[in-house]
2 protein chains.
Amino acid sequence: MAATNTASDSPVSSAGIAAALSRAIHEHRLAPGTKLGEDDLSDIYGVSRTIVRAALQSLAHQQVVEIKRNRGAFVAQPSLTEAHEVFEARELLEPRTARSAALRAKPADIDVLQAHILQEHSALDAGDRGRALFLSGQFHLEIARIAGQQTITDMVNVLIARSSLIIALYWRRESALCESQAHHALIKAIADKDGDRAEELMQSHLVDLHSALNLHEMPAVVQDLKQMLLSGDSG
Amino acid sequence: MAATNTASDSPVSSAGIAAALSRAIHEHRLAPGTKLGEDDLSDIYGVSRTIVRAALQSLAHQQVVEIKRNRGAFVAQPSLTEAHEVFEARELLEPRTARSAALRAKPADIDVLQAHILQEHSALDAGDRGRALFLSGQFHLEIARIAGQQTITDMVNVLIARSSLIIALYWRRESALCESQAHHALIKAIADKDGDRAEELMQSHLVDLHSALNLHEMPAVVQDLKQMLLSGDSG
DNA sequence: TACTTATTGATTGTATACAACAATGCGCAC
DNA sequence: GTGCGCATTGTTGTATACAATCAATAAGTA
């Protein structure tokens, strides 16, 4: 319960508390497995447990928090399987979404994306790795928003939040790939309205992220690909 | 509040009530816009409003129910835009999922799918259109389950529930396309382990469903395709 | 008669009290 | 000394009471 905001100017609605917790988790200020006691939270935010419970249930629905019956709420700890699934789902959604974004982006959208990268850089310069990670997620979210599909944006939003937990658990130090490189390239493709390239870049970016994790099981999609190749044709 | 179960053997947990309501909505026993009063529901299910509220919030998170502050909960009424988005999201997720299912399906899975179709037929024979619609959705869900990706299955589940609302609002009588035809063909492709064909069939099945709706706006994806073709290449 | 406004009724939002359950620590027996 | 069982304590689950808000209706005036 260390790093959350104190009660001073804190939000007092269920949604506000959920957002604050979500962000704290996203920025790795709350580690996976951390207990989120209802009394603690209601003290911190100055509301009753009723409100806190609503916030926790909302987060549980996004699978960012796990509620164990009669045991309480904890920051979720995605399994290896879940980790694979989340990135496989992102690989299914985000590349085509990046294509749409490239085709629909207006100049103002490009500006927003570039502003995101700048913030990301300054966070890294300030050594705030958590904030940089959060901003990196927001970059992906912004692309979905530009694509103009709220439903897909919502799904991506949840997947990004879960990705943050996965990175907290399974990131390996060796792989220090620089995100901003990939993000810069994406912005260029989108600014050029090059849908093909945006889709490709997003796909390979996600594959890079996925493979930068310490996940030793073979993911289901790879099994499918293997079987697909063995049965003798390509999609 | 007409067609829900009476209190006799009703579920008493938040999840149970959410499931019962979800199913009633899915089967068109509760029309879009229907008020879901907390007192009414707590009387019907014999639990306090606390439990009912949790169930309603859960359904609201799936966008099957809309909660208006200080006004109460209503069965959702998806807008035209939402309707398009839901089917576009399904077109993004389900075809590739059907491919995976074809590659991973075991004999027992095929049996389950065929059992689904049989139930669907008997529901239609009994004139229970709502139940047939529900079962049709479950068929799609079962395919996602066979593909073995819980995360994607969850997303598809939500999209199917919302689709049911969209069909209630925007289905046009003229289009009496027979779902079971398409479902039969899908089973065959899956049984043959023909991933390509399963993907194709699912794609065209979803396009058929989408175009059988009374949606006169031009969807975003079509705009993208148009612009993509104009800029001179194919994905 | 039409329009505004105040009162009333009903419904939701929030807090709190109590019940049920799990975890912990102590004591006792082996 | 170790293992088991029980009591205690703390936390969550549920119900209910009260406050706040909104919708509807009725009264009053132009």
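Chain letters run A, B, ... following the sequence lines, proteins first, then strands; residues in each count from 1.
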Quiz prompt | Heavy-atom check, side chain of B/L124 versus side chain of B/R131, under 4.5 Å | solution = no
Self-check item: Proximity of B/H183 and B/H140 rings by center, below 6.0 Å
Solution: yes
Exercise. Nearest whole angstrom, please: distance from the P of D/dT11 to the CG of A/D39.
Key: 6 Å
Practice problem: Figure out the CG/P separation between B/L56 and C/dT11, and round it to whole Å. | Solution: 15 Å
Practice problem: Indicate whether the side chain of A/E88 and that of B/Q149 have a donor and an acceptor atom separated by less than 3.5 Å. | Solution: yes
Exercise. Mind calculating the distance between CD1 (B/I67) and C1' (D/dT21) to the nearest angstrom?
Key: 16 Å
Self-check item: A/L36 CG to D/dT12 C1', straight-line distance once rounded to whole Å
Solution: 14 Å
Practice problem: Taking the side chain as every heavy atom from C-beta outward, state whether B/R162 and B/P78 have any atom pair closer than 4.5 Å. | Solution: no
Self-check item: Protein-nucleotide distance (B/L41, atom CG; C/dT12, atom C1'), rounded to Å
Solution: 13 Å
Self-check item: Atom-to-atom span, NZ of B/K68 to P of C/dA10 - whole angstrom
Solution: 22 Å
Self-check item: Value in whole Å for how far the P atom of C/dT14 lies from CD of A/E38
Solution: 16 Å
Quiz prompt | Whole-Å distance separating the CZ atom of B/R49 from the P atom of C/dA10 | solution = 15 Å
Quiz item: C/dT12 phosphate, OP1 or OP2: any side-chain N/O from B/K35 under 4.0 angstrom?
Solution: yes
Exercise. Describe the nucleic acid contact of A/R69 in one word from base, sugar-phosphate, nothing, applying a heavy-atom distance below 4.0 Å.
Key: sugar-phosphate
Exercise. Find out whether A/I166 and A/W171 are in side-chain contact, i.e. whether some heavy atom of one side chain is under 4.5 Å from a heavy atom of the other.
Key: no
Quiz prompt | Selected nucleotide, minimal atom distance to B/S48 side chain, candidates D/dT14, C/dT14, C/dT12 | solution = D/dT14
Quiz item: If each of A/I51 and A/N70 is mapped to the nucleotide of DNA chain C with the nearest heavy atom, which maps nearer the 5' terminus, i.e. the 5' end?
Solution: A/I51
Quiz prompt | Presence of A/R53 side-chain N/O under 4.0 Å of D/dG13 phosphate oxygens OP1/OP2 | solution = yes
Quiz item: NA contact type, B/R71, heavy-atom cut-off 4.0 Å: base, sugar-phosphate, or nothing?
Solution: sugar-phosphate
Exercise. Could you pick out which residue, A/A73 or A/T50, lies toward the 5' side of DNA chain D when each is mapped onto its nearest nucleotide?
Key: A/A73
